[in-house]
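Worksheet for the structure shown next.
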Amino acid sequence: MMIYDVAIIGAGVVGAMVARELTRQGQSVILLEKASDVATGASRANSGIVHAGFDAKENSLKAKFNVAGANMMASLCREMGVAYVQNGSLVVGFDQEDQQTLEGLLKRGVENGVTGLALLSGDEVRALEPSLSEDVTCALLAPTGGIVCPYELTIAAVGVAMYNGAELKTNFAVSSITEEGGVWHLSNGEETVCATYVVNCAGTHSDDIARMIGDDRITITPRRGEYILLDRACEGLVSRTIFMAPGKMGKGVLVSPTCHGNIIVGPTAVNMEEKDNTSTTAEGLAEVRRLAQKSVKDIPFGRGITIFCGIRAVGNTGDFIIECPRPRFVHCAGIESPGLSASPAIALYVAQLLQKEGAVLSIRADFDPHYTPAVHFRHLSDEEKNDIIARDPRYGRVICRCETVTEGEIVQTLHQLPIPRDLDALKRRTRCGMGRCQGGFCTPYVTEIMARELGVDELSLTKSGGDSPLLLAATKTAKGGTK
Ligand SMILES: Cc1cc2nc3c(=O)[nH]c(=O)nc-3n(C[C@H](O)[C@H](O)[C@H](O)COP(=O)(O)OP(=O)(O)OC[C@H]3O[C@@H](n4cnc5c(N)ncnc54)[C@H](O)[C@@H]3O)c2cc1C
């Protein structure tokens, strides 16, 4: 049986970055993911903010890796063709107490090594962001804050790892772990994968994985965060990410542009029992609307195109839990916010921990750090559009009208690692179905192309893997006729 150097459990952004880094450092890597695609947990549904790093407590792992990760993000995104903008962020306050909170954040930010922080008055900040409410009296400006597309980042990092030799097994839910003769055996009940080292990046389930090796010190509390996403027609409402000063109303909610030109509003923060329940609630969304309007006026909620929910993995130590509980086994647990921002730096730290555990790491000369996602037709100049259509007419056939996604891009994506095998996986890579009509128009065309390119029956396609069939039967067959 093949023994990999490293098995990574969980293909969220942390597992993806760890896979990329360890592949870069010459390890044979297998990534085990229980879902049908990568980036389906917290790394799919979050705010997408690259935090500047003034929020986390001094000397914590959160603070250290947030600042280091944020510093690495721009070049990583450039290398991997991932959408990233350093748009800066603002924390806005409404009274004297908030002013003191902002002063505290400024002090903490300076200690954490964040540069460019500045306190502004209400009028100064409204001159930068005219949509801010008249109630805003003070703000902390952090020019190094940014926004990134979290699932594109995860997909690209897994893609880089795979093009450099890593393997990905989806639909593989690790259910037991044993060790024998210096080798870890990870099983899903039907199949076993062997590796010398294991990295637990299982998000909200990282405590369940810990218990599989007899470590019951970790408890993860799932914390729901609900969002409203506004249409691209609202682009320009704010250009920076607008946070509220943490205080009487908890952490408040943010209003921010996304990398793709939408406006994101949220999230709530409510502890819950279930780890995988991403349904939204009427109360949560009402809370998002109520709080957001305190900092930004006239938010056009009528232009909301979708709502969604992400689940934070809140650990029981108040900090990221990144440690070796057993020889050759690393936990990356409790990776709540700013885990997305911190993920590139977490990956470097995991490599150091594995090295201490005996892994022989050295940077590969032949490692290719680049990932080239499919062309985004919408972003091409007219000349480039004409060129690409002349080379391949499928780029002239628009499938998703809201996001102007062409057949050419869809076909290109369906042949690119990690291969999308369900509709949502394709949507995360191409944005088809992400626009105003949310796939109402393009889904039948997309499924037809997917079935053709993947060589599968259209009826076998799912929305998001598992038990989420898209089609039940051809209409005529359903009526008793032939297809
Ligand atoms: C509402 C919200 C807002 C946030 N906003 C921000 C932000 O703006 N900026 C920021 O920096 N961070 C933010 N975060 C935090 C960030 O999203 C997370 O820290 C990051 O995504 C965690 O990545 P992960 O890989 O650890 O977890 P996940 O992305 O959850 O990945 C864990 C993976 O493990 C898999 N898995 C679980 N159990 C098993 C098993 N038994 N076998 C195999 N696979 C398994 C899961 O299916 C999942 O794919 C936010 C989080 C939330 C929820």
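Here the structure is a predicted model, which is why all the values come from computation and not from measurement.
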Check this for me: does any side-chain nitrogen of one of [X] and [Y] sit under 4.0 Å from a carboxylate oxygen of the other?
{"X": "Glu409", "Y": "Arg397", "answer": "no"}
{"X": "Arg429", "Y": "Asp37", "answer": "yes"}
{"X": "Glu403", "Y": "Arg431", "answer": "yes"}
{"X": "Lys463", "Y": "Asp422", "answer": "no"}
{"X": "Asp216", "Y": "Arg211", "answer": "no"}
{"X": "Arg224", "Y": "Glu273", "answer": "no"}
{"X": "Glu179", "Y": "Arg326", "answer": "no"}

What I want to check is whether the side chains of [X] and [Y] have a donor and an acceptor closer together than 3.5 Å.
{"X": "Tyr371", "Y": "Glu152", "answer": "no"}
{"X": "Thr317", "Y": "Asp319", "answer": "no"}
{"X": "Thr241", "Y": "Ser89", "answer": "no"}
{"X": "Tyr4", "Y": "Gln27", "answer": "no"}
{"X": "His185", "Y": "Glu180", "answer": "no"}
{"X": "Glu21", "Y": "Gln25", "answer": "yes"}
{"X": "His260", "Y": "Glu235", "answer": "no"}
{"X": "Asn271", "Y": "Arg223", "answer": "yes"}

(request) Test Val330 against Glu323 for side chain to side chain contact (heavy atoms under 4.5 Å, CB included), laying out the working first. (result) CA-CA 6 Å; Val330 177; Glu323 58 177 28; over 6 Å; no
Who pairs with [X] by side-chain hydrogen bond (donor to acceptor under 3.5 Å, both in side chains), at least two apart in sequence or on another chain?
{"X": "Arg378", "result": "none"}
{"X": "Arg312", "result": "none"}
{"X": "His376", "result": "none"}
{"X": "Asn164", "result": "none"}

(request) Report the C-alpha separation of Tyr227 and Phe308 in whole Å, then their side-chain angles, then the decisive distance to 0.1 Å, and conclude whether the ring pair (Phe, Tyr, Trp, His ring centres under 6.0 Å) test is met. (result) CA-CA 5 Å; Tyr227 292 93; Phe308 63 93; 4.8 Å; yes
(request) State whether Tyr151 and Lys427 meet the cation-pi test: NZ (Lys) or CZ (Arg) under 6.0 Å from the six-membered ring centroid, and within 45° of the perpendicular axis. (result)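 Judged by the rule, Lys427 and Tyr151 form no cation-pi pair.
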(message) Test: ring pair (Phe, Tyr, Trp, His ring centres under 6.0 Å). Region: residues 6-38. Which pairs qualify, not counting sequence neighbours?
(response)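 Passing the test, one end in residues 6-38: no pairs.
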Looking only at atom types and distance, does a side-chain atom of [X] sit under 3.5 Å from a main-chain N or O of [Y], one as donor and one as acceptor?
{"X": "Asn112", "Y": "Ala56", "answer": "yes"}
{"X": "Thr268", "Y": "Val288", "answer": "no"}
{"X": "Gln416", "Y": "Thr372", "answer": "yes"}
{"X": "Thr154", "Y": "Pro150", "answer": "yes"}
{"X": "Glu191", "Y": "Asn188", "answer": "no"}
{"X": "Thr430", "Y": "Cys432", "answer": "yes"}
{"X": "Arg303", "Y": "Cys234", "answer": "no"}
{"X": "Asp5", "Y": "Ser28", "answer": "yes"}
{"X": "Thr258", "Y": "Asn262", "answer": "yes"}
{"X": "Glu357", "Y": "Arg328", "answer": "yes"}

(request) Walk me through it: do Thr170 and Glu33 pass the test side-chain hydrogen bond (donor to acceptor under 3.5 Å, both in side chains)? (result) CA-CA 5 Å; Thr170 50; Glu33 170 52 54; over 6 Å; no
Provide the closest heavy-atom pair for [X] versus [Y] in the form atom of the first, atom of the second, distance.
{"X": "His51", "Y": "Asn66", "answer": "O-ND2, 2.8 Å"}
{"X": "Glu458", "Y": "Thr447", "answer": "OE2-OG1, 3.2 Å"}
{"X": "Gly15", "Y": "Ile8", "answer": "CA-CG2, 3.8 Å"}

Are there more than 12 heavy atoms of other residues, nucleotides or ligands under 6.0 Å from atom [atom1] of [X]?
{"X": "Arg364", "atom1": "CZ", "result": "yes"}
{"X": "Asn316", "atom1": "CG", "result": "yes"}
{"X": "Tyr163", "atom1": "OH", "result": "yes"}

(request) Measure the acute angle between the ring planes of Phe65 and Phe320, then classify it against the limits of 30° and 60° as parallel, tilted or perpendicular. (result)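 It falls in the parallel class, under 30°.
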(request) Show your reasoning for whether side-chain hydrogen bond (donor to acceptor under 3.5 Å, both in side chains) applies to Thr144 and Gln86. (result) CA-CA 6 Å; Thr144 55; Gln86 190 183 325; 5.5 Å; no
(request) Kindly compute the distance separating OG1 (Thr221) from CD (Glu336), expressed to the nearest 0.5 Å. (result)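 Going from OG1 on Thr221 over to CD on Glu336, the span is 9.5 Å.
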Less than 3.5 Å apart, which donor and acceptor atoms pair up between the side chains of residues 197-205 and the rest of the protein, not counting sequence neighbours?
{"residue": "Tyr197", "atom": "OH", "partner": "Gly358", "partner atom": "O", "Å": "3.3"}
{"residue": "Tyr197", "atom": "OH", "partner": "Ala359", "partner atom": "N", "Å": "2.8"}
{"residue": "Asn200", "atom": "OD1", "partner": "Ala202", "partner atom": "N", "Å": "3.2"}
{"residue": "Asn200", "atom": "ND2", "partner": "Ser206", "partner atom": "O", "Å": "3.0"}
{"residue": "Asn200", "atom": "ND2", "partner": "His331", "partner atom": "ND1", "Å": "3.1"}
{"residue": "His205", "atom": "ND1", "partner": "Asp208", "partner atom": "OD2", "Å": "2.7"}
{"residue": "His205", "atom": "NE2", "partner": "Lys34", "partner atom": "NZ", "Å": "3.3"}
{"residue": "His205", "atom": "NE2", "partner": "Asp276", "partner atom": "OD1", "Å": "3.2"}
{"residue": "His205", "atom": "NE2", "partner": "Asp276", "partner atom": "OD2", "Å": "3.0"}

